[in-house]
Amino acid sequence: MQNVLSIVKANVNDLYLREYLLYLKSDKGARPKTLIGYEADLRRFMNHFSTRDVLELRQQDIREYKFSLVDAGLAPRTVNRAISVIRSFYEYFVDHDDYAIAKNPAKHIQGMKVPKTVPITLGEQQAKTLLDGIMLTGRYAVRDYAIFATFLFTGVRVSELIALKTYDVNFEEGYIHVRDGKGGKDRVIPMIPQLANALQLYLQNGIVYEEIQKKKRKSRHEINRYRCGRKYFVTDEDDQTLFLTKYGKPYSEKGIDWLFKSYAKKLGIYKDGLSLHALRRSCLTFLHKQGVDLFVLREISGHARVQTLEHYLAIDTSKVMDAMKRHPLHSHQLDHGLVEMVRSR
DNA sequence: GTGTTCCTAATGCTTATACT
DNA sequence: AGTATAAGCATTAGGAACAC
């Protein structure tokens, strides 16, 4: 009997869940990642009350659920989000009168205090070490240099980086077009010459040193530290994704994460909590330290509500370019002195 | 064995809203 | 107006699987 009841309730809850998600998607226009996160949170919640119709829960039940999360050792942020999702979920059913629920049982559940944390960034010296180290030791140095130079000189997010297409890099006008960034927003970021060079090298031939050009490439396996421009990674169908894995496929976020961590560890700049987002923070911090004003920083980082390209073009691009030139790594170049060192090994 | 992806729980970051 | 919290959107991390 208990089993039958449980199955029936679970189905009812599942129906609620599906309806709510549909509403989020079609009425609120929620982004895919929001949908995924919300669904996970709600499923966990419903599993906790699998024998009950969740619309019949009381405030006390929600409170008990919150305690169970805290008990499970989840971080305050996680608990708060879980509660926030549940609250929104009930709000929907309270607002739609086809349901016999008059009050939102999660309405007055308090969030936990979230401790302040110090964001981790890479110091200037460490950023230099990263770029130099890639050139010296990277198996796919040209590609990897281009990837991390892009992070450090533009402050893009990983998701934005892996979505970049070759035609998003505009060498004539000197900017990178970020489409569909967080929240579905577009923006363009000025590209300083050093970054343009790195990307051009990667796009044009990917051969670091002239003499290597003379050797013939026998197979794909010959891609190496010197010879790793984009064209060497391209396989049969090319969707113009800018950064490709050695299999010729677009990178996943985890792939870049792995790449970064392995370099960071190899080069001795890894620290706890160091992540790709630290590169974004580093870029913005560098610029901020140089006295770049917040308005400009917002433009670069995409925090402003710059919704469209047209919108962006209205702002003073030269100001932003000036700002970018004050990036402390802006004079960082491929050091041909390294050639000798590398060759002599 | 290395580089990469896939899966999924956990949590960080950014923007919107509420409160004072 | 400034700060705190909520809501919304994204990244991080760990481990298994898999291609080369």
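For the numbers below, each heavy atom of this structure counts, side chains included, while hydrogens, waters and symmetry mates do not. Letters A, B, ... are given to chains in the order of the sequence lines, protein chains preceding strands, and every chain is numbered from 1. Computed from a prediction, not measured in an experiment: that's the story for all the values here.
One interatomic measurement links the two molecules: CE of A/M112 to C1' of C/dA4, which rounds to 16 Å at whole-angstrom precision. Taking atom CZ on A/F45 and atom P on B/dA9, their separation rounds to 17 Å, with Å as the unit. Atom CG of A/L274 is separated from atom P of C/dT11 by 16 Å (rounded to the nearest Å). A/E160 places its CD atom 10 Å from the P atom of B/dT14, with the value rounded to the nearest Å. Atom P of nucleotide C/dA6 and atom CG of A/N104 are separated by 13 Å, given to the nearest angstrom. If you take NZ of A/K249 and P of C/dC18, they are 13 Å apart, rounded to a whole angstrom. Rounded to whole Å, atom P of B/dC13 lies 16 Å from atom NZ of A/K33.
The aromatic rings of A/Y65 and A/F45 sit perpendicular, their planes meeting at an angle over 60°, well past the 30° parallel limit. Using a 30° and 60° split on the angle between ring planes, A/Y20 and A/Y38 fall in the parallel class, below 30°.
Here the nucleotide nearest the side chain of A/R81, chosen from B/dG3, B/dT11, C/dT12, is B/dT11. Checking C/dG8, B/dG3, B/dC13 against every side-chain atom of A/S88, the shortest atom distance belongs to C/dG8. For A/S159, the listed nucleotide lying nearest its side chain is C/dT11; candidates were B/dT5, C/dT11, C/dA7. When distances run from any side-chain atom of A/R77 to the nucleotides B/dC13, C/dT11, B/dT4, the shortest one goes to B/dC13. For A/R87, taking side-chain heavy atoms from C-beta onward, the closest of the listed nucleotides B/dT5, C/dA7, B/dT11 is C/dA7. When each of C/dT11, C/dG8, B/dT4 is scored by its nearest atom to the side-chain atoms of A/T34, the top-ranked nucleotide is C/dG8. For A/H277, counting side-chain heavy atoms from C-beta on, the closest listed nucleotide (B/dT11, B/dT4, B/dC13) is B/dC13.
Nearest heavy-atom pair, A/A198 versus A/A146, reported as atom, atom and distance to 0.1 Å: O-CB, 4.0 Å.
Side-chain N or O atoms of A/D168 include one that pairs as donor or acceptor with a backbone N or O of A/K165 at under 3.5 Å. Checked by atom type and distance alone, the side chain of A/S282 pairs as donor or acceptor with a backbone atom of A/A278 at under 3.5 Å.
Heavy atoms of A/I36 sit nowhere under 4.0 angstrom from any nucleic acid atom. Using a 4.0 Å heavy-atom criterion, one finds that A/Y38 contacts the bases of the nucleic acid, with or without backbone contacts as well. A/S84 comes within 4.0 angstrom of a base, heavy atoms only. Residue-level contact check: A/A30 touches the backbone only, with heavy atoms under 4.0 Å from sugar-phosphate atoms and none from bases. Residue A/I83 is out of contact with every strand shown, counting any heavy-atom pair closer than 4.0 Å. No engagement by A/P76 is indicated, since no non-hydrogen atom pair under 4.0 Å with the nucleic acid exists. Residue contacts for A/T78: at a heavy-atom cut-off of 4.0 Å it reaches a base atom on one of the strands shown.
Two residues, A/S252 and A/R281, neighbour DNA chain B, and the one matched to the more 5' nucleotide by heavy-atom proximity is A/S252. Mapping A/D41 and A/T245 onto DNA chain B by nearest heavy atom places A/T245 at the nucleotide closer to the 5' end. Where A/E253 and A/Y247 meet DNA chain C, the nucleotide closest to each residue was compared, and A/E253 sits on the side nearer the 5' end. Checking A/N80 against A/K254, the closest nucleotide of DNA chain C that is more toward the 5' end is the one next to A/N80.
Here A/S275 does not reach the OP1 or OP2 of C/dT11: none of its side-chain N or O atoms lies under 4.0 Å away. The phosphate of C/dA10 has neither OP1 nor OP2 within less than 4.0 Å of any side-chain N or O from A/R280.
A ring pair (Phe, Tyr, Trp, His ring centres under 6.0 Å) with A/Y202 holds for exactly one of A/F243, A/Y145, A/Y140; it is A/F243.
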